[in-house]
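Only a predicted model underlies this, so the values are computations on that prediction, with no experimental measurement involved.
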Amino acid sequence: MKAESKTIKQTSTDEDWDLIITPRKKWWDLQLRDVWQYRDLIALFVRRDFVSRYKQTILGPLWFIIQPLLTSFVFTVIFGNIAQLPTDGLPQMLFYMSGNILWNYFSTCLTSTSTTFTANAHLFGKVYFPRLVMPISVVISNLITFGMQFAFFLIYSLYFFLRGSAVVLTSWAFALPLLLVLMAGLGLGFGIIISSMTTKYRDLQYLVSFGVGLWMYATPVIYPVSSIPEKWRWVADVNPVTPIIETFRMGFLGAGEASWARLAYSAVFMVVVLFIGTIIFNHVEKTFIDTV
């Protein structure tokens, strides 16, 4: 028996493991290398989210286009015609659509990632994989949705341009990849912070959609920054999403307030929020299954 047990011990020590799961002892032990190793799983989750979203619908992916189109139409009627808010000389439908598609990407990333722990507790309790894989896949799948809406926006802009509207394509359009990174980072950062806190405080999940709606009215989605009174301009200045939307409008419509200094503020804000969110997320994931 002694010889047999010794053989078993020797065999176990000679095994070559691909991954050893150990508890994190430090808050800042992010283990981002593990996330990269599971990039195939991220691709599977992205495909799952994209296919399942409109799998049993009649119109299917057309809803990607119908949603911003109908929202922009409602904004045009209410804020453009009834409230008569200015649009910096741009066609109203085009102005509202430019804000809608960017804001929809940010808000969807935030609200979807804010339920990472509660919505996937059944999966997290059975299979091991880096928990950050789930919110990252949500951000990427929403990026596909944005791509379809952005393509429609370009076609719509071309239509107004051919009709003689004051639509101008400027060099700020080349900043689009940076704008998407900033939007994705902000949505992911705030989302995983809220997701980590909702494991103990479920009230937050009821405040997310309400808070995101209020945030939209503090962001120049339905009005330009130029129309804000000077005493309230600070609200737009502290909002990290404001420079992103204004730069997008300046790049693809030729109207807005864009500057690298304001984009730098958004970038620093995004890095801080994302770093804090990742640390909290990795700390909570060790014990969340006991509280969810």
Is there a side-chain contact between D88 and S226, using heavy atoms and a 4.5 Å cut-off?
-> yes
Positive for side chain to side chain contact (heavy atoms under 4.5 Å, CB included) with S98, one of F248, W103, Y156 = F248
Return yes if some donor-acceptor pair links the side-chain N/O of Y96 with the main-chain N/O of P68 below 3.5 Å, else return no.
-> no
Gap separating the CG atom of L176 from the CD1 atom of I244, nearest 0.5 angstrom | 11.5 Å
Could you check Y105 against F150 for ring pair (Phe, Tyr, Trp, His ring centres under 6.0 Å), going step by step and ending with a plain yes or no?
-> CA-CA 11 Å; Y105 178 56; F150 177 67; over 10 Å; no
Look at atom CZ of F73 and say whether more than 12 heavy atoms of other residues, nucleotides or ligands are closer to it than 6.0 Å.
-> no
So, the side chain of S141 versus the backbone of S137: is there a donor-acceptor pair under 3.5 Å, distance only?
-> yes
Tell me, do T113 and F190 make a side-chain contact under 4.5 Å, heavy atoms counted?
-> no
Side chains of L186 and P240: does their closest heavy-atom pair fall under 4.5 Å?
-> yes
More than 12 heavy atoms of other groups within 6.0 Å of R233 CZ | yes
Would you indicate whether the side-chain heavy atoms of N104 and T145 approach each other to under 4.5 Å?
-> no
Give a yes or no answer on whether the side chain of S195 reaches the backbone of I192 with a donor-acceptor pair at less than 3.5 Å.
-> no
Flag, side chain of N239 to backbone of V235, donor-acceptor distance under 3.5 Å = no
Can you tell me if CE on M216 sees more than 12 non-hydrogen neighbours from other groups inside 6.0 Å?
-> yes
Can you find a heavy atom in the side chain of W215 that is under 4.5 Å from one in the side chain of V241?
-> yes
Taking the side chain as every heavy atom from C-beta outward, state whether F45 and I136 have any atom pair closer than 4.5 Å.
-> no
Is the side chain of E246 donor-acceptor paired with the backbone N or O of G256 at a distance under 3.5 Å, no angle test?
-> no
L188 side chain near L274 side chain, heavy-atom distance below 4.5 Å = yes
Okay, side chain of S114, backbone of I194: is any donor-acceptor separation there less than 3.5 Å?
-> no
Could you go through the side chain to side chain contact (heavy atoms under 4.5 Å, CB included) check for M97 and T71 one step at a time?
-> CA-CA 8 Å; M97 185 176 293; T71 304; over 6 Å; no
More than 12 heavy atoms of other residues, nucleotides or ligands under 6.0 Å from CZ of F161: is that the case?
-> no
Side-chain contact, heavy-atom cut-off 4.5 Å: P224 with F95?
-> yes
Between the main-chain N or O of W36 and the side-chain N or O of R39, is there a donor-acceptor pair closer than 3.5 Å?
-> yes
